[in-house]
2 protein chains.
Amino acid sequence: MTKPHTRIEKPSPPTRAALLPATHQEIVHEISANYERLSKRLKQIAGYALDNPNDFAIDTIAETARKAQVQPSALIRFAKAFGFDGFSDVQRLFQQRLLDVHSSYESRLESVRGSGENTPAALLGRFVEGNIAALEHLSRTIAPEKLNEAVRLLGQAGVIHVMAMHRAFPLAAFFYYAIATMGRRVQLIDNVGGLGREQQKQIGINDALFVASFSSYTPEVVHTAEQTLRRGIPVVALTDHPLSPLTTNSSVCFHVKDAAVHDFRGLSTSMCLVQTLIVALGVEA
Amino acid sequence: MTKPHTRIEKPSPPTRAALLPATHQEIVHEISANYERLSKRLKQIAGYALDNPNDFAIDTIAETARKAQVQPSALIRFAKAFGFDGFSDVQRLFQQRLLDVHSSYESRLESVRGSGENTPAALLGRFVEGNIAALEHLSRTIAPEKLNEAVRLLGQAGVIHVMAMHRAFPLAAFFYYAIATMGRRVQLIDNVGGLGREQQKQIGINDALFVASFSSYTPEVVHTAEQTLRRGIPVVALTDHPLSPLTTNSSVCFHVKDAAVHDFRGLSTSMCLVQTLIVALGVEA
DNA sequence: ATTCTGCTGGAATATTTATTCTATCCCCTG
DNA sequence: CAGGGGATAGAATAAATATTCCAGCAGAAT
């Protein structure tokens, strides 16, 4: 069987692209899609172009060559590999990107702020705005002493147990993954097989418990926190309101109000706090 | 930084400028302040430069001359009138402006990553800052059409299957919880009991798949996306780099770079995008 | 091993782009 | 309204930047 591997004569582009990319987005797509087909040096350039689109847009061919550690001629081969006449044509797309983003940002924000729209883009804009506000609020209102205390308690623990369900469960999953990755002992109380009570009994006197629960406060989680605290074991909690049952059933309790759109609350802000606890735990060790 | 030397020392700049502008802001100020002193043609250029900073940054001297209706040599006189050696030096400031605005995100993230105090409160501050930058970046760079397409594909699906592991798993957990809560059919491919292959077979021809994977790209997830896409079933993906294997093995692929401190990457930004997809899915129904 | 094919580096060349130079123009002043 | 001084246009030139070309190389196929 004759392979259609026959690359056409020199003048034609190696890729059979019918019409060549006309925007930055398109060329990024084209580069990603054909990356595997590229030769070693061309891969190198592709990676550089995707990672440094700004520099790529304004540097001269010589400077780009230096920064990407290739020969100038390789950049031209790169351009031709995607059907262009030369490097400048490719660079133009990257320049266009700078202009586009720069001029369209304001108008995009406008369309996003415009209240009632429910297009996905408008929703994203509102979530971003909401999450930013929530994050700023978080950093302004969290008491440093609480953070210190939480890190101290978790740092001293033999095994860190972690429990959260429903909407808060992803926090537990992330916490577990991160703690385990850094080589510490951690146990996830996930109530698998209805074995929650048994898992709870695994919490030792020198351990610690991290719990998170929101809104209608999962009874199992609250109960575990309560029991564990009663046994004199440190409990670090993350919840959403001062009147949450976790406030009283924990050694240290953080209150985070995540952003909501259409009554749907996210997790970005809580994630940020969890991330902070984890890294603080990591650097102190 | 090795600059092609400027050979001729010009005696003295026409304006008494002691030290010449080094940023776009500064040169704009300088131009405004001295506008009245300028000659007719130089005024014309000043006006053009202030009104079209984008074009001014990327056009060649000849094109700028044409657009501003002046001679190329006038542009050089303009540059020298403010104490520069030549046009290129002025243009560089305008280019820098494009980069500044555009790369503020990366550099902000960079500045957040390593250095600084390691008290928990300081870490929180850095995470908050990093996540805010990442969120802003997200809302600027996401293509609305991609969002629309993703929502459309997921909206049409009979059952939505969702798969993510390791660091990305919390995204799948949150996605599952939220979709199930709003009363839609959803399946979590969690590979429990090593039954991943069988779970994958549950994906029907009218369904859709949502996957997320980062950094060292879980092979199982990539494989499932590939197989599913090959069967003609829509795959919506969330990953962290254009060269991720998910880019090519999906119908729609989002790229999100979460903020990192001490090499530990969070999930806040990805969470925000997932949250957006979910609510968009909810309101369209 | 041996040939072949396509990739690569780097010098040579072509092209584009920036800058200089000067005759001419304009406009101000006396 | 004549003369002078700065500004201007446009051609001429210099510099830079992009592109071509080819010899040598490396990896695949034989």
Side-chain angles (χ1 to χ4, degrees), chain A residues 2-15 34-46 48-49 55-95, chain B residues 2-15 34-46 48-49 55-95:
Chain A
T2 46
K3 290 196 295 183
H5 188 246
T6 42
R7 290 292 160 86
I8 327 161
E9 273 302 298
K10 277 185 181 177
S12 1
T15 53
N34 295 3
Y35 183 75
E36 284 309 327
R37 282 185 248 274
L38 296 176
S39 73
K40 186 179 164 197
R41 218 32 56 97
L42 263 39
K43 275 200 181 86
Q44 199 176 328
I45 294 171
Y48 178 83
D55 292 347
F56 199 88
I58 60 157
D59 284 341
T60 70
I61 208 172
E63 257 185 293
T64 300
R66 192 178 51 74
K67 290 187 187 173
Q69 310 252 54
V70 299
Q71 288 291 339
S73 51
L75 288 167
I76 285 141
R77 289 206 305 277
F78 180 78
K80 299 206 165 174
F82 287 94
F84 294 93
D85 275 352
F87 177 75
S88 308
D89 292 324
V90 174
Q91 197 179 34
R92 199 157 299 130
L93 299 185
F94 279 76
Q95 291 176 337
Chain B
T2 49
K3 280 297 99 190
H5 66 122
T6 40
R7 16 167 216 80
I8 307 168
E9 295 281 338
K10 272 298 155 190
S12 63
T15 54
N34 296 18
Y35 184 77
E36 283 310 327
R37 281 187 250 272
L38 295 175
S39 74
K40 186 179 165 198
R41 220 30 58 98
L42 262 38
K43 275 199 180 90
Q44 200 176 328
I45 294 172
Y48 177 83
D55 291 348
F56 199 88
I58 60 157
D59 285 341
T60 70
I61 206 172
E63 257 186 294
T64 300
R66 191 178 54 72
K67 290 188 186 172
Q69 310 253 52
V70 297
Q71 288 292 331
S73 50
L75 287 166
I76 284 142
R77 288 207 310 277
F78 179 80
K80 299 204 167 173
F82 288 93
F84 294 94
D85 277 350
F87 176 75
S88 309
D89 292 325
V90 175
Q91 196 178 34
R92 212 172 333 266
L93 299 185
F94 280 76
Q95 291 177 337

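Per chain, numbering begins at 1; letters A, B, ... match sequence-line order.
If you take CZ of A/Arg92 and P of D/dT17, they are 16 Å apart, rounded to a whole angstrom. Taking atom CZ of A/Phe78 as the reference point, atom C1' of D/dT19 lies 17 Å away to the nearest angstrom. Taking atom CD1 on A/Ile61 and atom P on D/dA15, their separation rounds to 22 Å, with Å as the unit. Rounded to an integer number of Å, the gap from B/Ile76 CD1 to D/dA7 P is 16 Å. The nearest whole Å value for the distance from the CG atom in A/Leu75 to the P atom in D/dA18 is 9 Å. In this structure, the CZ atom of A/Phe84 is 15 Å from the P atom of D/dT20, given to the nearest Å. To the nearest angstrom, C1' of D/dA7 lies 13 Å from CD of B/Gln44. Going from atom CG of A/Asp85 over to atom P of D/dT20 covers 9 Å, rounded to whole Å.
Put simply, the side chain of B/Ile45 does not reach to within 4.5 Å of the side chain of B/Thr64, judged on heavy atoms.
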Could you run down the sub-3.5 Å N/O contacts of the protein with nucleotides 22-24 of chain C?
none

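The two residues A/Ala74 and A/Leu42 make their nearest non-hydrogen contact at O-CD1, 3.9 Å. Here the closest heavy-atom approach between residue A/Val90 and residue A/Ala79 is recorded as CG2-CB, 3.5 Å.
Qualifying salt bridge (charged side-chain N to carboxylate O under 4.0 Å, His left out) partners for B/Arg66, counting only residues two or more places apart in sequence or in other chains: none. Residues passing the salt bridge (charged side-chain N to carboxylate O under 4.0 Å, His left out) test with A/Lys43, sequence neighbours excluded: none. When the ring-ring contact (aromatic ring centres under 6.0 Å, His included) test is applied to A/Phe94, the partners found at least two apart in sequence or on another chain are A/His24, A/Phe56. For the salt bridge (charged side-chain N to carboxylate O under 4.0 Å, His left out) test, no residue two or more places apart in sequence or in another chain qualifies with A/Asp85.
In the set D/dA18, C/dT8, D/dT8, the nucleotide with an atom closest to the side chain of A/Ser39 is C/dT8. With C/dT8, D/dT8, D/dA18 as the choices, the nucleotide that has an atom nearest any side-chain atom of B/Arg41 turns out to be D/dT8. Between D/dA9, D/dA18, C/dA18, one nucleotide has an atom nearer to the side chain of B/Arg77 than all others, and that is D/dA9.
Expressed to the nearest 0.5 Å, how far OG of B/Ser39 lies from CZ of B/Phe78 amounts to 10.0 Å.
Remark: B/Gln71, B/Ser73 in residues 65-73 of chain B come within less than 4.0 Å of DNA chain D through at least one heavy atom.
Position along DNA chain C of the nearest nucleotide to B/Lys40 versus B/Ser88 favours B/Ser88 as the more 5'-ward residue. In terms of position on DNA chain C, the residue among B/Thr60 and A/Ala74 whose nearest nucleotide sits closer to the 5' end is A/Ala74.
Between C/dT20 and B/Lys80, a contact under 4.0 Å exists linking OP1 or OP2 to a side-chain N or O.
The only member of A/Arg92, A/Gln95, A/Gln91 that meets side-chain contact (heavy atoms from CB on, under 4.5 Å) when paired with B/Ile58 is A/Gln95.
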